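Comments concern the structure below.
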Amino acid sequence: MTNPLLAHWDTPFELPPFAQIDDAHFQPAFETALAEGRAAIAAIADNPEPPTFANTIEAMEQAEDALGRVLGVFYNLAGADSNDARQELQRVFSPALAEYSTQITQNAALFARIESLWEARETLDLNDEQARVLMLTRRSFVRSGAKLEGADKTRMAEISSRLATLGTEFTQRLLADEADWFLELSEEDLEGLPAFVVDAARSAGEEKGLSGPCLTTSRSLISPFLQFSPRRDLREKAFHAWSSRGARGGKNDTRAIAAETLKLREERAKLLGYDSFAAFKLETEMAKTPDAVRGLLMQVWEPAKRAAERDAKILETMLHDDGFEGPLEPWDWRYYSAKRRKIEHDLDEAELKPYLQLDRMIEAAFTCATRLFGLEFEALDVPLYHADARAWNVTRNGEHIAVFIGDYFARGSKRSGAWCSAMRSQKKLGKPVAPIVVNVCNFAKAPKGQPNLLSYDDARTLFHEFGHALHQMLSDVTYESISGTSVARDFVELPSQLYEHWLEVPAVLEEFATHAETGEPMPADMLERLLAAQTYDQGFATVEYVSSALVDLDFHDGDAPADPMQAQAETLERIGMPHAITMRHATPHFAHVFSGDGYASGYYSYMWSEVMDADAFEAFDENGAFDPATAKSLEDNILSRGGSSDPVELYTAFRGRMPGVGALLKGRGLVED
Ligand SMILES: [Zn+2]
């Protein structure tokens with residue numbers, strides 16, 4: 001019997017034949033596809049013909065077609081609908097894939113071909129996209145150490161392996177430390193807490209085998225506790241436990257791991273010829289240099305700090321009105337801020353929810369794409385991997401553009417969070433391929449017969465992920481390696497965060513936020529309060545975020561600090577951290593930075609993208625939310641281009657200039673009036 005993963009998919013739109021795919025097919029298909037990839041790479045490296053762009057770079061682009069197909073299906077299922085067999089397969093595939101890619105980057109004959117093309121690049125008559133793919137391919141080899149020899153090469157391998165171990169160790173210690181701490185609560189300690197926090201504290205107690213409720217460091221319990229508990233003494237204890245995760249001494253302390261990690265990252269960057277880890281890391285980002293990142297963060301820092309200081313004064317008065325003396329402390333902020341929010345905005349989630357129906361919000365996201373880009377969505381009746389997943393045929397002027405799959409409900413087999421992935425990416429090399437794009441969310445599913453309702457945050461998540469989906473669906477490039485969302489990390493959130501802005505266009509909610517029972521549109525004053533509440537307490541949020549981003553940057557720019565905790569204190573002192581706010585992630589539990597190096601020296605990138613999306617949406621504010629010319633420019637210069645040019649060029653082509661921070665400050669309500 002042939003393996004359906006390896007056969008031709010004779011299905012509508014060549015969708016994977018989900019009904020025929022069984023978990024037992026993955027391993028043999030993976031091994032066959034991996035062997036095919038190896039053979040194809042070996043044939044390129046050993047080709048007796050002199051290297052050309054076609055026989056080397058284009059051949060590499062196509063070497064992993066089968067592997068891409070198998071893994072495209074597998075990783076979507078492993079994330080959205082996992083089971084024991086799929087988890088076990090993940091444990092087998094991931095080291096095999098790591099070994100496979102190391103073998104490729106260390107293939108000296110292959111690198112010699114790439115290097116000779118690189119040296120001759122001016123004479124190869126490459127178009128812009130080809131020149132870009134050659135540059136990116138060579139750069140990823142060099143950054144993996146392809147040019148190193150002898151002792152340097154050995155040391156590089158040692159460092160990489162030690163860093164991987166340290167990352168895992170950091171994650172595991174932090175988890176263990178978080179699981180360790182709890183605080184038993186008496187019945188009277190629960191007074192003043194909303195029912196859902198009381199319930200959460202009771203089930204936490206049961207889980208620990210205690211006779212009564214307790215507090216743990218689980219974010220979904222401790223964060224509302226800090227927001228709602230009127231007991232200042234308990235808030236203080238809870239806050240100390242929360243903020244000292246990973247720094248309590250003993251076997252779960254992570255501080256020594258952080259120090260060693262920073263040292264090794266610096267050594268690796270220097271082996272590769274960079275001044276610092278930040279210089280190495282930022283080379284491939286839109287920001288490019290540590291100074292560019294610092295410049296942006298400091299422009300946001302000062303107005304955010306001033307806004308937070310203004311808010312602190314108001315909250316401190318509320319503290320004093322409650323009969324406490326002295327300054328506002330970090331364990332007071334969330335509590336008084338929640339009180340103030342209720343007074344100033346009076347937004348009741350329960351009242352809002354019936355207006356945000358899942359199906360209407362999907363329709364809203366689709367309709368915006370119709371008005372902006374002319375896309376049409378037609379529901380497809382095809383077998384998918386789970387009964388809750390739905391598919392649409394996406395067309396423009398009758399022409400097939402993509403298949404879009406929406407998989408919106410939470411379930412035990414799905415990992416948490418929300419994401420967009422491509423089961424198949426767009427490309428034109430060989431034969432043109434239309435993408436299959438998936439949005440996965442974790443919205444609560446209503447009991448049978450009742451409408452599925454979203455919170456406003458859920459609706460924003462839906463628009464966010466759909467923005468990523470548009471980046472994949474509208475992609476129009478030749479090479480898969482630069483298709484869709486294959487762009488720098490500090491650029492990839494631009495299309496998604498930008499799309500969130502259409503949810504805030506009042507006409508969109510006026511049309512699509514209709515009551516589940518009465519069908520009435522959302523009342524105008526509710527809509528107004530909802531939109532106004534979006535800028536509430538942004539001074540605090542910005543300060544806790546930017547301080548973390550600045551500490552991350554300082555750690556990796558220049559020499560690695562011997563004592564990261566002291567270095568952290570110095571940075572906070574230098575920037576004048578407000579007394580009642582702490583870093584969103586302090587070093588001993590800064591998993592973004594120490595669990596792996598994906599976000600190391602890269603924590604800033606959320607804000608970098610936000611600066612761009614706020615500035616980019618101003619173009620629509622100026623010309624009209626659905627202005628056809630602005631939408632066309634967005635598609636032509638950004639959404640269709642993937643990674644085919646430097647993001648600075650793409651953005652500048654759309655906006656005529658690089659973004660300033662003005663629109664972000666306005667959007668976050670940080671401009672002083
Ligand atoms: Zn995103």
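Only this structure's heavy atoms are used, side chains among them; waters, hydrogens and symmetry mates stay out. Fair warning: this is a prediction, and the values are worked out from it, not measured in the lab.
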Show your reasoning for whether side chain to side chain contact (heavy atoms under 4.5 Å, CB included) applies to Thr289 and Glu283.
-> CA-CA 7 Å; Thr289 66; Glu283 178 193 32; over 6 Å; no
Is [X] close enough and on-axis enough to [Y], meaning under 6.0 Å and within 45°, for cation-pi?
X	Y	result
Arg334	Trp331	no
Arg584	Tyr545	no
Arg235	Tyr335	yes

So does [X] pair up with [Y], basic N to acidic O under 4.0 Å?
X	Y	answer
Asp457	Arg460	yes
Lys281	Asp597	no
Asp233	Lys237	no
Glu260	Arg162	yes
Asp253	Arg173	no
Asp407	Lys414	yes
Lys339	Asp332	no
Asp346	Arg341	no
Arg232	Glu329	no
Arg668	Asp537	no
Arg202	Glu187	yes
Lys270	Glu266	yes

Heavy-atom pair of closest approach, residues [X] and [Y]:
X	Y	value
Ala459	Leu503	C-CD2, 3.7 Å
His592	Tyr606	NE2-OH, 3.6 Å
Ala616	Leu494	CB-CD1, 4.4 Å
Pro564	Ala258	CG-C, 4.3 Å

Would a distance-only check, ignoring hydrogens and angles, find a side-chain to backbone donor-acceptor pair under 3.5 Å from [X] to [Y]?
X	Y	answer
Asp177	Arg245	no
Asp189	Ser229	no
Tyr536	Ser337	yes

Could you check if a side-chain atom of [X] sits within less than 4.5 angstrom of a side-chain atom of [Y], using non-hydrogen atoms only?
X	Y	value
Thr587	Phe555	yes
Val198	Pro213	no
Tyr456	Leu530	yes
Leu498	Met612	no

Could you walk me through whether Phe512 and Tyr355 pass ring pair (Phe, Tyr, Trp, His ring centres under 6.0 Å), step by step?
-> CA-CA 8 Å; Phe512 293 97; Tyr355 291 99; over 10 Å; no
Is the Phe466-Tyr499 ring centre distance short of 6.0 angstrom?
-> yes
Are His464 and His468 near enough that their ring centres are under 6.0 Å apart?
-> yes
Neighbour count above 12 (heavy atom, 6.0 Å) for Glu207 CD = no
More than 12 heavy atoms from other groups under 6.0 Å of NZ on Lys342 | no
Candidate list Phe594, Phe590, Trp608, test ring pair (Phe, Tyr, Trp, His ring centres under 6.0 Å), partner Tyr603, passing option |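 It is Phe590; the other options fail the test.
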Look at the aromatic rings of Trp502 and Phe620 and report parallel, tilted or perpendicular, splitting at 30° and 60°.
->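 The rings of Trp502 and Phe620 stand perpendicular, inter-plane angle above 60°.
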Are [X] and [Y] linked by a side-chain donor-acceptor pair shorter than 3.5 Å?
X	Y	answer
Thr461	Asp458	no
Glu178	Thr217	no
Thr171	Ser595	yes
Asp613	Gln497	yes
Glu493	Ser496	yes

Could you go step by step and tell me if Phe540 and Trp333 meet the ring pair (Phe, Tyr, Trp, His ring centres under 6.0 Å) rule?
-> CA-CA 9 Å; Phe540 173 85; Trp333 193 293; 5.2 Å; yes
